Amino acid sequence: MPTPQEALGMVTMDKLVSLCKRRGFIFPSSEIYGGFQSTYDYGPLGTLLKNNIKAQWWKAVVQQRDDMEPLDASILMHPRVWEASGHVAVFNDPLVDCKECKARFRADHLWCLTATHRDESKQYAVEAGEEDEALSKGRELHQIGKRWEVSAAPMVIDAAEGTPQVCPKCGAAGSFTEPRAFNMMFQTQVGPVEGSIAYLRPETAQGIFVNYDNVLTTMRRKLPFGIAQVGKAFRNEIVTGNFTFRTREFEQMEIEYFCWPEQSAEKHQEWIDARIAWYTRLGIARENLDLYEHPDHKRSHYSTRTVDILYRFPIGFAELEGIANRTDFDLSQHAEFSGKTLDYFDTKTERRVVPHVVEPSAGVDRNVLAFLTEAYTEEEYTDQKGGKATRTLLRLHPTLAPIKAAVLPLAGNREDLVATARALAAELREDFSVQYDDTGAIGKLYRRQDEIGTLYCITVDHQTIDDDGKVTIRDRDTMQQVRLAKDEVAGWLRDRVR
RNA sequence: GCGGGAGUAGCUCAAUGGUAGAGCGACAGCCUUCCAAGCUGACGACGCGGGUUCGAUUCCCGUCUCCCGCUCCA
């Protein structure tokens, strides 16, 4: 059965994975050792694509704005950072499995409801994040009448005489495994001596918060202003998968935007709009983006509003970037845990606040996957022999395409064509990523470049040498050709790949 | 981690209890003047470990990896 994405003519994940492997974008990591779970390596073209995406991000969120600063903080940080941020607690969920129905629950999300009415009393089990939610969920699920008094208590899994242990899903009693702690943070040790632990950061954001004051003072900033950072983060996810969509090691492009408390809602919306505009400008169709407003009970403990930007991946709409209003939570926590003042004092108005923070947090690897998904195109055509054939191409935005131009001699056995083409390629390499290829007939070379998204194929023929000094430039998307003087190619390209 | 499915060449697949073929791709050579032409050549795989067997890619067990679901989120 085709997935909804296939029905829309979208590329399947299998085809993307295959192309990525075949053309040097993304390889399974440690492949010669049989691979390593959920890790991937970016190959030559994937590296270029990923770097181009990050470069466009830096340009849009830092270079082209007057209110942003870049930062590159270390992955290892003081362990107290993660106590302050809440990650030690939050990322330490105790999980239990129901042995009967195989469902898995967070142990702290299981509740026992007791409903009483006069002499009658009933007990129910529900799964919920908080007590209020448990109560309303329980009423709904078990249709407890209004006259019933209902109370909720956390289900105690390992106590022999605690609240009843009943699986909310299948109703089996006493079927839970012992709770096991899943610490989502990778631990490591600092120095060769055991005992001094540190964490691999589960988000780059905290590196920004702990440097907030440094940046503020050294860069002479005033509210509002933001700090941007790109870097690796690590989460010991229980479940990974869907190619590079969810991996334990991943890269983030994060912004923490510090502002006055009363302007945070407005800035939040501005960033949502700005980020959508960035994606669409780089070629993502607006209808392939969707917004998801986190309902109250799903939102992180620190956030007043969180909006996800979803992309229509081959697996369906899924999160590409999360934009949260984190309020003053992080700076307040760090002020408390570090004992340092992280207030902002405005000398003009003599007003003192802890700034509020808007956080647009995007996944680099998901960006790569999204842009590849969007770009992947198969065109049917009739070949020279009259048969059906498919042209596969990546319609990547000019700034993102890993290779901007390929220089091709029309025949690889003509030394003069080869020499001229090589010289032109060398000249263009000063400014662009360029490939030279003479290993096949021209049609084959075109197809090869199409599949990696090369913007232009520049062909040197006998006229170039014998006659007019012009080369043929062939467009990836339209296959249209124009002839242009050899010396004008660099300038012509420059106008088109900015 | 649990349940289900699957691992044969770079990719897509085939066959077989007697150690494996193809198409495409990639490589070398010849040829080739604009959209995957042709010819020649060389390279290239049974995920790993163990068991049964005279002999295992094939059967069994374990393990690893991948896919789907449970969970979480960039």
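Each chain gets a letter, A, B and so on, in the order the sequences are listed, and its residues count up from 1. Hydrogens, waters and symmetry mates are skipped; everything else that's a heavy atom, side chains included, is used. Every value quoted in this text rests on a predicted model; they were computed, and no experiment measured them.
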Taking 4.0 angstrom as the limit, do [X] and [Y] come out as a salt bridge?
X        : Y        : result
A:Arg483 : A:Asp461 : yes
A:Arg275 : A:Glu254 : no
A:Asp416 : A:Arg414 : yes
A:Arg448 : A:Asp437 : yes
A:Lys15  : A:Glu378 : yes
A:Glu251 : A:Lys54  : yes

Same-atom distance ([atom1]) from [N] to [M], integer angstrom:
N     : M     : atom1 : value
B:G49 : B:A14 : P     : 25 Å
B:U57 : B:G47 : P     : 9 Å
B:G44 : B:G10 : P     : 11 Å
B:A22 : B:U40 : P     : 14 Å
B:U58 : B:G18 : P     : 11 Å
B:G21 : B:A9  : C1'   : 11 Å
B:C73 : B:U16 : P     : 49 Å
B:C67 : B:U53 : P     : 38 Å

Measure [atom1]/[X] against [atom2]/[N] and give the value in whole Å, please.
X        : N     : atom1 : atom2 : answer
A:Glu359 : B:C73 : CD    : P     : 13 Å
A:His87  : B:C73 : NE2   : C1'   : 11 Å
A:Ile473 : B:C35 : CD1   : C1'   : 17 Å
A:Ile452 : B:A36 : CD1   : P     : 18 Å
A:Leu417 : B:U32 : CG    : P     : 12 Å
A:Gln435 : B:A26 : CD    : P     : 12 Å
A:Phe317 : B:C73 : CZ    : C1'   : 18 Å
A:Ile442 : B:U32 : CD1   : C1'   : 11 Å

(message) Short of 4.0 Å, heavy atom to strand atom, which residues of residues 476-485 of chain A count as contacting RNA chain B?
(response) A:Met479, A:Gln481
N/O-N/O pairs, protein side and nucleotides 29-31 of chain B side, under 3.5 Å:
none

Under 3.5 Å, which protein N or O atoms sit close to an N or O of nucleotides 62-66 of chain B? Give each pair with its distance.
| from | atom 1 | to | atom 2 | distance (Å) |
| --- | --- | --- | --- | --- |
| B:C66 | OP1 | A:Ser38 | N | 2.4 |

Would you mind writing out the side-chain donor-acceptor pairs for residues 226-234 of chain A within the sub-3.5 Å range, not counting sequence neighbours?
| from | atom 1 | to | atom 2 | distance (Å) |
| --- | --- | --- | --- | --- |
| A:Gln229 | OE1 | A:Ala73 | N | 2.5 |
| A:Gln229 | NE2 | A:Thr204 | O | 3.0 |
| A:Lys232 | NZ | A:Glu249 | OE2 | 2.6 |

(message) For A:Tyr436 and A:Asp438, which I'm curious about, is there any donor-acceptor pair between the side chains at under 3.5 Å?
(response) yes
(message) Just by distance, no angles: are the side chains of A:Ser264 and A:Asn325 close enough, under 3.5 Å, to form a donor-acceptor pair?
(response) yes
Mind checking if [X] touches a base, just sugar-phosphate, or nothing, with heavy atoms under 4.0 Å?
X        : answer
A:Ser30  : nothing
A:Leu320 : sugar-phosphate
A:Ala389 : nothing
A:Thr472 : base
A:Glu319 : base

(message) Both A:Gly443 and A:Phe250 contact RNA chain B. Taking the nearest nucleotide for each, which residue is further toward the 5' end?
(response) A:Gly443
(request) Please tell me which of A:Ala411 and A:Arg248 maps to the more 5' nucleotide of RNA chain B, matching each residue to the nucleotide holding its nearest heavy atom. (result) A:Ala411
Nucleotide N/O to protein N/O under 3.5 Å, stretch nucleotides 10-14 of chain B:
| from | atom 1 | to | atom 2 | distance (Å) |
| --- | --- | --- | --- | --- |
| B:G10 | O3' | A:Lys21 | NZ | 3.0 |
| B:C11 | OP1 | A:Lys21 | NZ | 3.0 |
| B:C11 | O3' | A:Ser18 | OG | 3.4 |
| B:C11 | O2' | A:Ser18 | OG | 3.3 |

Hey, does the side-chain of [X] have a donor or acceptor N/O within less than 3.5 Å of a partner on the base of [N]?
X        : N     : answer
A:Tyr446 : B:C34 : yes
A:Arg246 : B:C72 : yes
A:Arg235 : B:C72 : no

(request) Enumerate the residue pairs fulfilling salt bridge (Lys or Arg N to Asp or Glu O under 4.0 Å) with a member in residues 32-42 of chain A, sequence neighbours excluded, ordered by first and then second residue. (result) none
(request) Could you tell me whether A:Phe313 and A:Tyr311 have their ring centroids closer than 6.0 angstrom? (result) yes
(message) So, does A:Asn236 get its side chain near the phosphate of B:C72, meaning an N or O under 4.0 Å from OP1 or OP2?
(response) no
(message) The side chain of A:Asp461 is closest to which nucleotide in this list: B:A74, B:A36, B:U33?
(response) B:U33
